[in-house]
There are 2 protein chains.
Amino acid sequence: MSPRPRRDQQLTDLPVRILSAAWEQIAQAGAAALSLRAVARQLGITAPAIYNYYPDRDALVTALIVDAFHSFGDALQAAVDGLPAVQHARRLYALGMAYRQWAITYPERYQLIFGTPIAGYVAPQEITMPAAARALAILSETLANAHAAGLLKPMPTGSISPDLQAMFQVWAQARGEAPSEVLYLTLVIWAQVHGLAVLEIGGQFPPFISDPGALYERTLEMLVNQVLEVEA
Amino acid sequence: MSPRPRRDQQLTDLPVRILSAAWEQIAQAGAAALSLRAVARQLGITAPAIYNYYPDRDALVTALIVDAFHSFGDALQAAVDGLPAVQHARRLYALGMAYRQWAITYPERYQLIFGTPIAGYVAPQEITMPAAARALAILSETLANAHAAGLLKPMPTGSISPDLQAMFQVWAQARGEAPSEVLYLTLVIWAQVHGLAVLEIGGQFPPFISDPGALYERTLEMLVNQVLEVEA
DNA sequence: CGTTTTAATTATACGGTGTTTATTTATTTT
DNA sequence: AAAATAAATAAACACCGTATAATTAAAACG
């Protein structure tokens with residue numbers, strides 16, 4: 001019957017310590033193996049104590065997802081900001097490289113964000129959507145800047161079909177009036193990059209792919225060349 | 001203390017009934033929520049009885065994955081076989097369409113195969129790899145046929161870098177001597193299609209994407225046109 | 001046909017999980 | 001100093017996967 005510890009021997013910043021303990025466990029055993037009781041054990045507290053800070057396990061997972069999205073968005077933003085605003089192709093390339101780099105550095109976080117590793121958990125979209133939108137916005141803005149500079153190559157085979165046009169105009173009105181091609185390319189490039197990342201992380205590539213990084217770099221390079229004019 | 005039921009009131013084909021009960025549960029609540037005890041309840045038996053047919057839960061999951069891979073491969077093969085062997089572009093397009101169709105028809109199966117929804121489970125590669133290779137082989141062969149017919153467009157910007165060439169030659173020697181471009185395109189197309197499918201299934205598209213099918217179709221169409229010459 | 005062996009199923013139990021409730025106690029407020 | 005509040009715990013509940021031993025139907029054999 002241990003009493004409640006005195007404030008000065010008590011753990012401070014318990015909410016964030018819970019988060020980082022959870023990250024440790026996720027990094028070690030994957031997001032699917034996350035356990036409230038194990039987190040509590042690691043912190044030297046009991047499991048119900050966590051309920052003072054997170055109403056249930058799903059809330060903790062949501063906090064982790066928001067956390068991961070911030071880290072992800074920061075990494076992407078830093079990659080773009082690291083290059084002059086006028087070097088659109090290099091910016092796009094750097095963005096793609098940073099995408100994979102973050103994904104393979106924190107594969108569990110990436111799968112926590114984009115996969116469905118948690119048992120009964122469905123992410124509340126009103127919380128995760130804005131966080132996710134940031135990553136998309138960085139790509140979309142990079143392409144929009146290139147478009148404004150007249151560097152966007154015309155789409156190889158015809159333009160986008162009318163129904164897709166309509167779809168993207170709704171999107172454009174909600175965001176910064178980017179043209180349909182920019183929004184379309186945003187999604188397609190994202191899907192390509194995401195597909196490569198997710199296959200690599202999930203170990204789905206055939207074993208002959210000894211250097212996924214080279215495959216990724218080359219594909220990204222071609223993708224950039226296919227979309228943007230080469231700059232001086 | 002109910003005794004063991006007599007053979008004629010006993011469930012026959014218990015292994016496959018376990019599998020289909022598991023599929024029902026997965027379709028209902030997702031692969032992450034799969035529970036041996038719930039499967040047993042649904043079949044009117046006790047949980048340990050399952051252990052006569054599957055040594056542990058992971059073995060059951062592995063059987064489910066193999067099952068899903070067969071269904072997936074069959075769907076892809078049927079799509080390709082449904083068109084004359086000479087219509088390479090149409091075959092490639094049909095293959096891509098069948099890919100998404102299967103994925104959105106059985107999203108849980110797709111995520112069971114390509115995601116990591118199960119808690120401590122890691123798929124035994126010696127079992128899943130051959131099954132997965134089949135899907136890749138169908139795409140690879142479709143492209144190889146088009147290449148043999150001289151319909152493969154030259155890669156837009158230069159050729160594949162030497163290190164990638166070397167990587168794919170190892171692969172080519174293990175498979176049917178397909179050229180490097182074919183193998184490279186196999187992976188890139190796969191990643192693009194997989195990326196789109198996984199984003200759609202995971203609900204990661206921005207809400208403005210009201211018609212993901214149209215987006216997919218148009219992208220696949222452009223992908224085919226970008227890779228193959230138009231046929232007569 | 002009776003007996004023995006075998007195999008399938010159940011009952012029980014252990015340690016794990018998320019979560020709820022009531023209780024204790026340190027801190028804060030009055 | 002007393003009362004109120006908040007944070008932590010202890011205990012319990014209902015799940016889970018899984019191991020073990022007991023039970024019993026079916027099969028094999030003499």
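Naming convention: chains lettered A, B, ... in sequence-line order (proteins, then strands); numbering from 1 in each chain.
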Arg41(B), nearest nucleotide to its side chain (from dT17(C), dA8(D), dC15(D)):
dC15(D)
Distance in angstrom units between Arg57(B) CZ and dT18(D) P, rounded
6 Å
Does Val80(A) reach the side chain of Leu76(A), with side-chain heavy atoms less than 4.5 Å apart?
no
Scan the side chains in residues 189-206 of chain B for donor-acceptor partners under 3.5 Å anywhere in the protein, sequence neighbours excluded, and list what turns up.
residue: Trp190(B); atom: NE1; partner: Tyr99(B); partner atom: OH; Å: 3.1
residue: Gln192(B); atom: NE2; partner: Val188(A); partner atom: O; Å: 3.2
residue: His194(B); atom: ND1; partner: Tyr110(B); partner atom: OH; Å: 2.5
residue: Glu200(B); atom: OE1; partner: Arg100(B); partner atom: NE; Å: 2.9
residue: Glu200(B); atom: OE2; partner: Arg100(B); partner atom: NH2; Å: 2.9
residue: Gln204(B); atom: NE2; partner: Phe114(A); partner atom: O; Å: 3.3

By nearest heavy atom, map Asn52(A) and Arg37(A) onto DNA chain D; which one lands nearer the 5' end?
Asn52(A)
How would you list all residue pairs meeting side chain to side chain donor-acceptor pair (under 3.5 Å) that involve residues 111-130 of chain B, not counting sequence neighbours?
Gln111(A)-Thr116(B), Thr116(A)-Gln111(B), Thr62(B)-Tyr121(B)
Roughly how far, to the nearest 0.5 Å, is the OH atom of Tyr54(A) from the CG atom of Leu14(A)?
9.0 Å
Rounding to an integer number of Å, can you tell me how far Leu43(B) CG sits from dA8(C) P?
16 Å
Can you list, in residue-number order, the parts of residues 22-34 of chain A that come under 4.0 Å of DNA chain D, counting heavy atoms only?
none
Nearest-Å distance for atom pair CD1/P, residues Ile45(A) and dG18(C)
13 Å
Atom pair CG (Leu164(A)) and CD (Glu217(B)), whose distance is rounded to the nearest 0.5 Å:
9.0 Å
Heavy-atom side-chain proximity of Leu19(B) to Leu60(B) below 4.5 angstrom:
yes
Sub-3.5 Å pairs of nitrogen or oxygen atoms, protein against nucleotides 19-22 of chain D:
none

Would you kindly give the CG-to-P distance between Leu60(B) and dG17(D), to the nearest whole Å?
10 Å
Ser35(B) near the nucleic acid: base, sugar-phosphate alone, or nothing, with a heavy-atom cut-off under 4.0 Å?
sugar-phosphate
How many whole angstroms separate atom CG of Leu36(A) from atom P of dG18(C)?
4 Å
I'd like to check the salt bridge (Lys or Arg N to Asp or Glu O under 4.0 Å) partners of Asp81(A); sequence neighbours left out, ordered by chain and number.
none
Does Tyr53(B) place a side-chain N or O at less than 4.0 Å from the phosphate oxygens OP1/OP2 of dT9(C)?
yes
Listed pairs under 3.5 Å, donor-acceptor, residues 30-47 of chain A side chains, sequence neighbours left out:
residue: Ser35(A); atom: OG; partner: Arg37(A); partner atom: N; Å: 3.3
residue: Ser35(A); atom: OG; partner: Ala38(A); partner atom: N; Å: 3.0
residue: Gln42(A); atom: OE1; partner: Gln25(A); partner atom: NE2; Å: 3.3
residue: Gln42(A); atom: NE2; partner: Glu24(A); partner atom: OE1; Å: 2.9

Could you check how far CG of Asp58(B) sits from P of dC16(D), rounded to whole Å?
17 Å
